[in-house]
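Let me begin by presenting the structure, written as structure tokens, before commenting on it.
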There are 2 protein chains.
Amino acid sequence: MSNAKLYKGSLVTIILKLLNEHDKMYGYEITQRVKEITKNELKITEGALYPSLHKLEAEGLLDVEVLKVDNRLRKYYKLTEKGTQETVNKLAELENYIKTMRALVNPKFRLE
Amino acid sequence: MSNAKLYKGSLVTIILKLLNEHDKMYGYEITQRVKEITKNELKITEGALYPSLHKLEAEGLLDVEVLKVDNRLRKYYKLTEKGTQETVNKLAELENYIKTMRALVNPKFRLE
DNA sequence: AATATATACATAAAATTCTTATGCATAAGA
DNA sequence: TCTTATGCATAAGAATTTTATGTATATATT
């Protein structure tokens, strides 16, 4: 996604959180939103995004609705109940990851 | 390493930072230190650690010194000049990652 | 004395996630 | 007309990690 390898594993968290805020979004919209929010720091590639969306749908975390807008197809995704729960989990995991890494990298921050 | 996939890509950062503090460490010691600091949250597997150490050595970021202690071999690693520089880079990347993710996940934090 | 656990290294197959490359199609701008 | 933007999709390859396995010595337990 970016030059930093740290983003590996964060894509699902990002997708779920965005859908949690926006109610429904389509793939291309997600890539643009992420570029915008991160000031071009993070560019989600289509090769990563679309397979990920398909997987989340297959797992029952997302529902799809296909709409035709301006003669072009858009696949709108939205969180299912299960997806909303998983969003909470993923966000907690992110916070935990950050805490743990801080403890490793900054010895002043110790975990209890 | 842990159940959370977010740690993917963080191993090198962790290794370099620990070596930056401790001057020289051997592989097994690193696994134990990490378990200790993270209160068992993160357990670095040998299958990930050893190949990673070899790679860092091949790239000229680490130097090795083999010592025999209590009739057992230990391969002590320490940062080279280049390794020390790369540590700075990796730590900056981590801080940047955290900032970017905060912006994505918490809309109140905006990047400039 | 025998067995299990801890210490210490190593590698290889498989899984996971992502990049890069490619393909199709329509709309809008230069 | 040609390029860029919009919108989806997949497949080959790269990179990193998990899981499994192997070797060997030291220490603790039964």
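By convention in this document, chain letters (A, B, ...) are assigned in the order of the sequence lines, proteins followed by strands, and residues within each chain are numbered from 1.
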Using a cut-off of strictly less than 4.0 Å, decide whether [X] has a side-chain nitrogen or oxygen near OP1 or OP2 of [N].
X     : N      : value
B/Y50 : C/dA10 : no
A/H54 : D/dC8  : no
A/Y26 : D/dG7  : yes
A/K5  : D/dT16 : yes

> So, do B/V66 and B/L73 sit near enough that their side-chain heavy atoms are less than 4.5 Å apart?
Replying inline: yes

>> Taking A/E57 first and then A/K78, would you say they form a salt bridge - that is, a charged N and a carboxylate O separated by under 4.0 Å?
In response: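 No, this pair does not count.
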
> Taking NZ, NE, NH1 and NH2 as the nitrogens, is one of them in B/K90 or B/E95 under 4.0 Å from a carboxylate oxygen of the other?
Replying inline: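 Salt bridge absent between B/K90 and B/E95.
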
Closest to side chain of [X], choosing from [options]:
X     : options              : result
A/K8  : D/dG7, C/dT17, C/dT7 : C/dT17
A/Q32 : D/dT6, D/dT19, C/dA8 : D/dT6
A/P51 : D/dC8, D/dT10, C/dC9 : D/dT10

Show each protein N/O and nucleotides 28-30 of chain C N/O combination with a separation under 3.5 Å, one pair to a line.
none

>> When you measure from the centre of the six-membered ring of B/Y76, is the NZ or CZ of B/K24 closer than 6.0 Å and no more than 45° off the axis?
In response: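 The answer is yes, since B/K24 meets both limits relative to B/Y76.
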
> Any side-chain donor-acceptor pair under 3.5 Å between B/N89 and B/E86?
Replying inline: yes

>> Taking any heavy-atom pair under 4.0 Å as a contact, classify A/G47: base, sugar-phosphate, or nothing.
In response: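 Answer is base: heavy atoms of A/G47 come under 4.0 Å of a base.
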
> Do the two ring centres, one from B/Y97 and one from A/Y7, sit under 6.0 Å apart?
Replying inline: yes

